[in-house]
Amino acid sequence: MSNIKEREKFDDYEMRNGQIEMAKAIEVNFKKREYLLVEAGTGVGKSLAYLVPSIFYTNKNNTKVVISTNTKNLQEQLFYKDLPLLKECINVPFRATLLKGRGNYICVRKWAELTINLQKIVSQYEAKSLLNFVVWKKFTKTGDISENSSYNPKRDQSAWKKLVADRHFCLGKKCPYYNQCFLMDVRKKADESNLVIINHYLMLADVQNENGALGDYEQLVVDEAHNLPQLASAELGITYSYADFNSFLNQIFSTKGKYQAGVLIQLKSANTKSKYDQQKLVDNKIEETKHLIEENLELFKLFFREIGRVVDQKGSYGKLRVRNLENFPFLNPYFDEVLEFLQQLSGKIMTLKNILSNVSSKHFVDYEKNYDNLTGALDHIDEIYDSMVLLSNPDMSKSAYWLESMQISDTDYPSGILNLAPLDVNKILNETLYEKVKSIVFTSATMAIRGKFKYFSNRMGLDLLEDGFVHELVVESPFDYDEQAKVVVSGFLPEPRDKYFPMQSIQIIVDSIKVAKRGTMILFTSYKDLNYCYEELNSALQGEEITLLAQGKGISRNAMIQEFKNKDNAVLLGTSSFWEGVDVRGDSLSLLILYKIPFMVPSDPIVESFLEKLESEGKNSFMHYMMPNALLRYRQGFGRLIRHKTDRGIVLVLD
């Protein structure tokens with residue numbers, strides 16, 4: 001790696017031995033095709049430590065390295081900041097692509113079909129959402145919905161599902177809009193790139209779908225890897241809402257007044273224009289299938305409306321754990337009806353496909369398109385059917401099962417959600433990821449506990465790999481924390497569960513802010529505590545010329561952080577997403593207050609299920625799960641304070 005030049009390109013560049021050590025370890029790891037765990041403390045510069053050897057390796061071996069991050073912020077920092085800078089400093093050519101999952105990209109064919117048939121297939125509620133897409137669609141170069149600031153995932157979910165790129169009904173190169181397809185364009189670029197920047201969600205989805213998005217790759221860098229064990233449980237599971245079924249059925253057949261649309265209507269239109277001896281039979285089968293769908297539309301509305309009602313009645317914070325299906329007697333009858341419907345629907349579409357397979361493509365208009373549509377519909381039905389079977393007969397000892405209710409303004413909309421998540425992802429990752437990827441680097445500022453990676457390795461299934469294959473490295477931070485930071489613990493306060501804790505902690509916070517007269521960040525573990533503290537501080541700090549910023553109070557996360565950076569005495573209140581990925585230097589952040597030790601919410605369905613599983617195995621769930629997670633999270637929060645060798649500050653722990 002001697003081709004690196006022009007240090008002056010980097011602001012405040014300084015030689016960091018830990019960064020060099022990490023880069024060399026990754027270089028060796030790629031060559032030996034092994035796995036490496038690297039904890040790189042704050043200030044090491046781990047992004048460049050893995051980007052540089054990745055670039056050199058891909059260039060020399062004519063291959064690609066996939067880099068996965070947890071947060072959008074880091075993903076964009078790598079692509080828009082670090083890589084362009086390296087391109088100027090390294091005498092090695094490389095290409096990089098920022099790639100996201102299908103669910104982020106608009107389907108041009110769907111957009112065209114929807115705008116032509118707007119009155120036919122869009123409800124009044126969805127039409128309002130579509131207004132937020134029109135201008136963006138006209139000017140977008142990427143088709144990535146995240147660049148649309150008007151898009152609200154909760155409010156616009158139903159409309160977006162009608163437009164999003166769908167793997168089951170994707171026509172690929174046969175699509176008339178293939179050359180305009182945003183997804184195919186970015187995937188082609190990714191396939192031709194040296195580096196592909198993705199997020200953990202896409203990485204986990206891709207391993208389940210046999211590398212459908214990323215293709216074959218042998219080198220993977222997982223940054224912010226400490227998030228992966230918890231995230232993998234949720235992402236490798238099953239989630240279904242009414243919008244999922246409604247969108248799927250609308251793709252097959254939808255009706256609005258006298259207008260009709262969908263795969264069956266396209267097939268019917270083509271059938272009418274074709275000339276062959278089974279024309280009448282196909283028409284009859286299409287009508288039977290349409291009738292079956294129309295008969296069962298209400299089933300899904302009632303099912304998910306009832307789930308939402310039960311959660312609103314018995315749940316907590318929009319979630320309700322299912323320990324035993326017998327305690328939810330309304331579920332099984334619905335499951336039986338859904339499974340029966342899916343079987344019938346599959347049978348009817350299979351009949352249509354079989355008829356079509358015996359017809360010459362010369363005698364049927366748009367033969368391949370209609371045949372592929374039927375194949376896609378069958379594949380999707382099979383996938384849903386398998387998921388419904390698992391949801392109707394889950395293994396509770398290995399899974400977390402819960403119902404959820406979306407908080408939306410439309411009270412008539414079926415708000416329920418079904419969720420099932422595996423508790424142990426170690427074997428799944430071994431079968432889907434580790435068997436295919438030859439070399440993986442897992443890195444984070446917080447992965448080890450007391451210098452050991454045992455907790456992370458066990459959760460990720462790395463302990464199941466052969467001895468000597470997984471290597472470990474801890475690279476210490478170059479910062480002098482003894483000189484740069486001081487930790488103050490308010491041992492005199494009552495415990496957080498005490499009813500007097502909120503009132504007394506607020507007084508400590510107010511006094512600390514007034515004494516410090518510097519930028520202050522307060523990190524919470526729940527919105528409930530954040531909102532209470534915000535209201536109290538809003539009153540207590542009036543007239544103090546202090547800017548009070550709080551997550552969820554009007555402006556976006558990035559805008560809030562930017563305003564916080566621009567002032568020296570602002571107070572910022574944040575919850576989960578602010579515990580990591582926030583980089584504020586200098587006096588803008590000199591006092592960091594941790595309201596409570598960041599233990600996971602024990603009533604969260606996945607957490608609660610995992611705790612019970614550990615206890616059933618004779619393990620102390622607090623020491624094996626809650627405490628290690630809290631320690632790693634605490635270190636992440638602590639890492640917000642000192643971001644440069646000149647930073648100074650205090651961490652005040654109220655818990």
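These figures come from a predicted structure and were not determined experimentally. Count residues from 1 along the sequence.
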- Query: Can E608 and K319 be counted as an ion pair, charged N to O under 4.0 angstrom?
  - Reply: no

- Could you verify whether a donor N or O on one side chain and an acceptor N or O on the other, from E580 and N227, lie under 3.5 Å apart? yes

- Given E39, which of R635, M22, E476 fulfils the side-chain contact (heavy atoms from CB on, under 4.5 Å) condition? R635

- Fit a plane to each ring of Y634 and F638, take the angle between them on a 0 to 90° scale, and name the class: parallel (under 30°), tilted (30 to 60°) or perpendicular (over 60°). tilted

Under 3.5 Å, side-chain donor or acceptor atoms of residues 513-523 against the rest of the protein: list the pairs with distances, not counting sequence neighbours.
{"unit_1": "T520", "atom_1": "OG1", "unit_2": "R518", "atom_2": "O", "d": "3.1"}

- Message: Do E147 and T142 pair up side chain to side chain, a donor and an acceptor below 3.5 Å, judged on atom types alone?
- Response: yes

- Residues that D191 engages under side-chain contact (heavy atoms from CB on, under 4.5 Å), provided they are two or more places apart: K64

- Item | Any residue meeting side-chain contact (heavy atoms from CB on, under 4.5 Å) with A540, in chain and number order, not counting sequence neighbours | V510

- Item | Qualifying residue, where the test is side chain to side chain donor-acceptor pair (under 3.5 Å) with K596 and the options are T525, D529, D655 | D529

- Item | Heavy-atom side-chain proximity of V196 to Y217 below 4.5 angstrom | no

- Which ring pair (Phe, Tyr, Trp, His ring centres under 6.0 Å) pairs, counting each pair once, include a residue from residues 572-597, with sequence neighbours left out? F501-Y595, F524-Y595

- Query: Between T71 and N73, is any side-chain donor less than 3.5 angstrom from a side-chain acceptor?
  - Reply: no

- Item | Set of side chain to side chain donor-acceptor pair (under 3.5 Å) partners for T239, sequence neighbours left out | N419

- Query: If we ignore angles and hydrogens, is there a donor and acceptor under 3.5 Å between the side chains of Q562 and N558?
  - Reply: no

- Query: By ring-ring contact (aromatic ring centres under 6.0 Å, His included), which residues pair with F94, not counting sequence neighbours?
  - Reply: none

- Task: With sequence neighbours excluded, tell me which residues meet side chain to side chain donor-acceptor pair (under 3.5 Å) with D244.
- Result: K161, S241

- Going by heavy atoms in the side chains, are R109 and Q180 under 4.5 Å from each other? no

- Return the set of residues passing side-chain contact (heavy atoms from CB on, under 4.5 Å) with Q75 (not counting sequence neighbours), or none when no residue passes. T69, L98, K100, I197, N199

- Message: Within this structure, what is the CZ-CG distance for the pair R585 and D647, rounded to the nearest 0.5 Å?
- Response: 7.5 Å

- Message: So, using side chain to side chain donor-acceptor pair (under 3.5 Å) as the criterion, who are the partners of S405 when residues are at least two apart?
- Response: D312, S415

- Message: Applying ring-ring contact (aromatic ring centres under 6.0 Å, His included), can you list everything that pairs with Y532, at least two apart in sequence or on another chain?
- Response: none

- Message: To the closest 0.5 Å, what do you measure between OG (S477) and CD (Q484)?
- Response: 8.0 Å

- Item | Q77 and D82: side chain donor to acceptor below 3.5 Å | yes

- Query: Atom NE2 in H226, atom CG in N70: separation rounded to 0.5 Å?
  - Reply: 6.5 Å

- Task: State, without any angle test, whether Q636 and T446 hold a side-chain donor-acceptor pair at a distance under 3.5 Å.
- Result: yes

- Item | Atom pair OH (Y527) and CG (L573), whose distance is rounded to the nearest 0.5 Å | 11.5 Å

- Residue list, side chain to side chain donor-acceptor pair (under 3.5 Å) with R643, at least two apart or on another chain: D583

- Just checking, is any N or O donor in the side chain of N531 or K553 under 3.5 Å from an acceptor N or O on the other one? yes

- Note on the structure: Contacts of D568 meeting side-chain contact (heavy atoms from CB on, under 4.5 Å) (sequence neighbours excluded), chain-then-number -> D587, S588

